[in-house]
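The structure presented is a predicted model; accordingly, all values stated were derived computationally and were not measured.
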Amino acid sequence: MLARKSIIPEEFGLPGLVSRIPRKPVFRDRVNKARFIAKNGSCNLAHKNIREQGRFLQDVFTTLVDLKWRFTLVIFTTTFVSSWLLFAMSWWLVAFAHGDLDPNREKGVEQCVTNVKSFTSAFLFSIEVQVTIGFGGRMITEQCTTAITVLILQNIVGLIINAIMLGCIFMKTAQSNRRAETLIFSRHAVIAVRNNRLCFMIRIGDLRKSMIIGAAVRLQVVRKTTTPEGEVIPIHQIDVQTETALASNSLFLLAPLIICHVIDKNSPLYDLSAMELQCSDLEVIVILEGVVETTGITTQARTSYVSEEIQWGHRFVPIVTEEEGVYSVDYSKFGNTVKATTPRCSARELDEKPSILIQTLQKSELSHQNSLRKRNSMRRNNSIRKGGAGGSGGIRRNNSALAVPKVQFFTPGEGGQNLNAVT
């Protein structure tokens, strides 16, 4: 049995209508990839399969400084205790060779070290010699040349250990990255129009009153690229120029500053629109370098921004105000942004069609005027309602004020002037 044909033609059916509806371009969701630089500035990089581990021992001091605090304290304690035990064994051997440990030794013979009768007393004497405590109960005599030699060696070794370990502790506490803890970056980066150009902007600040001398900011875009020959570069670093770099002057980081990068034809962001930016896998790395004013040590602070942390069509709110002759900074609004009129197209399209920016600004101005009109009308209505809520007397007064006045017309009559009143 044949199927009955529908009365409605196929081209006007639901499948035909759906097939003719224009579809919007679908962008693939961005695959979450690991950050190269974390928000706190630490590098997200793991070194594996290093065969020449001995290279780290050739620079012991740097290796000790780079270690974590718990390992440094363990090495610090182990080094001192080991040296005390080593020289305690040496003092015990000196006393044993001289016969000071023999309970049946002849009376009247002086000991090399007085009151050293066991390994425990030798260990206590070793601590007194190296730390220079000098309780006075044990001391070396001039009977043994070997004991004098051991005393000199222990003093030299103790000074070397003190210099290395105390220097390591000092360098760990005075590291330059400690100063970077008070150098802050905005949580998000923004892209907006500034001076009729599309710009990528971030905000940096210093929480301390002591300044960073010769501060400089560098921007790099890290992304995965493929060369025309097919070579895959997983971490391709592209330098990004900023306004301060073009002026070749260092930053005067007295108050929070907005670092601006103009998106021109040399920028890696030149071909990215607002939609394409959200689907890209790029990462913008920000590096702030300078010399600490108080210590003279060079410091470096780092952070990064992935595509989800870049807000298109926003700008930073002002946070520096003048109050009673003093400039004040409100750090509670450090990362706050507001929406700004910005075209959603790429910088390339904006350069090819400058009218896009003009049209966007005109639409923004019209919408702003409409919002002002609506706001004024709402205020007028609210004032009328408040006036009407005052009572019937107010309404009567308003009605009387709105009443139509009487109009009088003078028309000539036969016997003279006649007055006709018309209401």
| message | Looking at Thr77 and Val74, would you say the former's side chain and the latter's main chain have a donor-acceptor pair under 3.5 Å? | response | no
| query | Is the backbone N or O of Arg179 less than 3.5 Å from a side-chain atom of Thr182, with the two atoms forming a donor-acceptor pair by type? | reply | yes
| message | Is it true that, when you exclude Asn40 itself, more than 12 heavy atoms of the residues, nucleotides or ligands shown sit nearer than 6.0 Å to its CG? | response | yes
| query | Does atom CZ of Phe61 have more than 12 heavy-atom neighbours, drawn from other residues, nucleotides or ligands, at distances under 6.0 Å? | reply | yes
| request: Name the orientation class of the two ring planes belonging to Phe119 and Phe123 (parallel below 30°, tilted from 30 to 60°, perpendicular beyond 60°). | output: parallel
Of the non-hydrogen atoms in [X] and [Y], which two are nearest, and what is the gap between them?
| X | Y | answer |
| --- | --- | --- |
| Ala122 | Ala88 | CB-O, 3.6 Å |
| Ala180 | Ala301 | CB-CB, 3.9 Å |
| Arg315 | Val190 | CA-CG2, 4.2 Å |
| Ile238 | Arg223 | CD1-CD, 4.2 Å |

| said: Side chains of Ser210 and Glu293 only: does a donor on one sit below 3.5 Å from an acceptor on the other? | reply: no
| said: Does this structure show an ion pair linking Arg35 with Glu309, if we count only N-O contacts that are shorter than 4.0 Å? | reply: yes
| Qualifying salt bridge (charged side-chain N to carboxylate O under 4.0 Å, His left out) pairs with a residue from residues 335-355, counting only residues at least two apart or across chains | Asp271-Arg348
| said: If you apply the rule side-chain hydrogen bond (donor to acceptor under 3.5 Å, both in side chains), what do you find for Thr337 with Gln311, and how did you get there? | reply: CA-CA 9 Å; Thr337 60; Gln311 296 180 345; 3.0 Å; yes
| field | Trp91/Phe87 aromatic ring centres below 6.0 Å | value | no
| query | Considering only heavy atoms from C-beta outward, does the side chain of Thr321 approach that of Asp330 to under 4.5 Å? | reply | no
